[in-house]
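Worksheet for the structure shown next.
What you see is a predicted model; the values in this text were computed from it and never measured. A, B, ... follow the sequence lines: proteins, then strands. Residue 1 opens every chain.
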Number of protein chains: 2
Amino acid sequence: MRYRKIPDETVRRLPVYLRCLLFASEQGQENISSRNLAELVGVNSWQIRKDFSYFGDFGTRGVGYNVKKLAAQIKKILKIAVVQKAALVGVGNIGSALLAYSGFGKYGLDIAVAFDISPKKIGRKVEKVVIEDVASLLKIKKRKIKLGIIAVPEQAAQETADKLVKAGIKGILNFSPRYIAVPKKVKVITIDIAMYLASLPYYMTAI
Amino acid sequence: MRYRKIPDETVRRLPVYLRCLLFASEQGQENISSRNLAELVGVNSWQIRKDFSYFGDFGTRGVGYNVKKLAAQIKKILKIAVVQKAALVGVGNIGSALLAYSGFGKYGLDIAVAFDISPKKIGRKVEKVVIEDVASLLKIKKRKIKLGIIAVPEQAAQETADKLVKAGIKGILNFSPRYIAVPKKVKVITIDIAMYLASLPYYMTAI
């Protein structure tokens, strides 16, 4: 199936919708109204209806959306209906946390390989993955891995991005606070944890 | 100064704008057009103008926004113009990464205290913070800390949230993939790392 071009803002909300749908599904909910979904997500219900209008409407008047069908549809649009393998570079605190994190599976994601520069870490097994030498990063090209995760110290971020691009990576999740430059065809998402924390005080009542 | 009620969606974008403004400022940029800012953020420029309309317009036709003034204004609205102290609970991989993370300062945030349950960790110094016994969590009430960060294992998340609420916390940054229930007056932001990764494959060209 082909879809119309979906705006970036909508694409960014799709995983949030998916997250809430998976949560509703775990709770045994079969159907969900756009109003109920809107509450869970924290947006207006017209926003949800508008977002879904880009890829067809699956709702039934008075019943709402079928939770499982809608989740499957969103996974298909996000191209995570089949498992996507990712390569992690940097097994420090964040990298170790990512390897130990159990939440990737439900989004169709799998950290299949991990690399580090430290001889102390290379060869060590963290969860199900054996840490490899970052010098052999290019081998992910053969394994057809297209997703990369950068969890190295700030000053090594750009160099790591360059290596990942050379190895054929098409999407990068960047945990370094530094801006990284990549060719246009490569998509980067930067997770700036401090930034998320920064919106909390707004909601807090005066001390 | 009082502001009109700002929609959640806008509040969520303010730290993203701030992040880009701080970046532009670091690069020595004095003014920025809404178009330029829109490109950096990845939204439409009408969205930016609409968002800014909620708290006044600081732009000058043909010149754009003054980067430093706009950043200061956003900090004020987000209530991070004065440093906000946060309490971290759980000093495992994620907690340690947070303590070592240098990016909080520029958003006016400071992890002032850290707690853990493990006797091996209590008393240890990580960066500038000495890890304290989680049994003494209530003391943050006296220190007037209003921000909490949950970085404990999934099954301890709700219990930790309850304790933080009891200790007077008004805002929680939750790194556990589990949904946590809190009273209405407390604001929770959940960081689901897998979710962010889930939007990447959409942008990747076919393998």
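- With a threshold of 4.5 angstrom between heavy atoms, Ile169(B) does not approach chain A through any atom at all.
- Interface residue Ile191(B): only side-chain heavy atoms are found under 4.5 Å from chain A.
- Between Ala198(B) and Leu109(A) the shortest heavy-atom distance is N-CD1, 3.8 Å.
- Heavy atoms closer than 4.5 Å to chain B are found nowhere in Leu18(A), neither backbone nor side chain.
- Between chain B and the options Ala86(A), Pro7(A), Ala97(A), Gly95(A), the largest number of non-hydrogen pairs under 4.5 Å is found for Ala97(A).
- For Glu30(A), the CD atom is loosely surrounded, since the number of other residues' heavy atoms within 6.0 Å does not exceed 12.
- Pro201(B) and Leu78(A) make their closest contact through CB-O, 3.4 Å (heavy atoms, listed as atom of the first residue, atom of the second, distance).
- Within 6.0 Å of atom CZ in Arg35(A), 12 or fewer heavy atoms from other residues, nucleotides or ligands are found, so the atom counts as exposed in its surroundings.
- Annotation for Lys128(B): atom NZ counts as buried by contact number, over 12 foreign heavy atoms lying within 6.0 Å.
- Of all heavy-atom pairs between Leu200(B) and Leu173(A), the closest is CD1-N, 3.7 Å.
- A donor-acceptor pair under 3.5 Å is formed between the side chain of Lys79(B) and the backbone N or O of Tyr202(A).
- Contact annotation: the side chain of Glu9(A) approaches that of Arg13(B) to within less than 4.5 Å [non-hydrogen atoms, C-beta and beyond].
- Counting non-hydrogen atoms of neighbouring residues, nucleotides and ligands closer than 6.0 angstrom, the CD1 atom of Ile122(B) exceeds 12 such neighbours.
- Taking chain B as the reference chain and counting heavy-atom pairs below 4.5 Å, the highest number among Val186(A), Ile149(A), Ile172(A), Val188(A) is found for Ile172(A).
- Neither the backbone nor the side chain of Leu14(B) comes within less than 4.5 Å of any heavy atom in chain A.
- By the 6.0 Å contact criterion, CD1 on Ile189(B) is enclosed, its count of non-hydrogen atoms from other residues, nucleotides or ligands being greater than 12.
- For chain A, the nearby parts of Val16(B) are the backbone and the side chain; heavy atoms of each come within less than 4.5 Å.
- Interface remark: of the candidates Asn44(B), Val11(B), Ile94(B), Ile80(B), Val11(B) forms the most heavy-atom pairs closer than 4.5 Å to chain A.
- The nearest pair of heavy atoms linking Arg19(B) to Thr190(A) is NH2-CG2, 3.2 Å.
- Environment of CD in Glu154(B): crowded, with over 12 heavy atoms of neighbouring residues, nucleotides or ligands closer than 6.0 Å.
- Contact annotation for Phe23(A): only side-chain heavy atoms (C-beta onward) come within less than 4.5 Å of a heavy atom of chain B.
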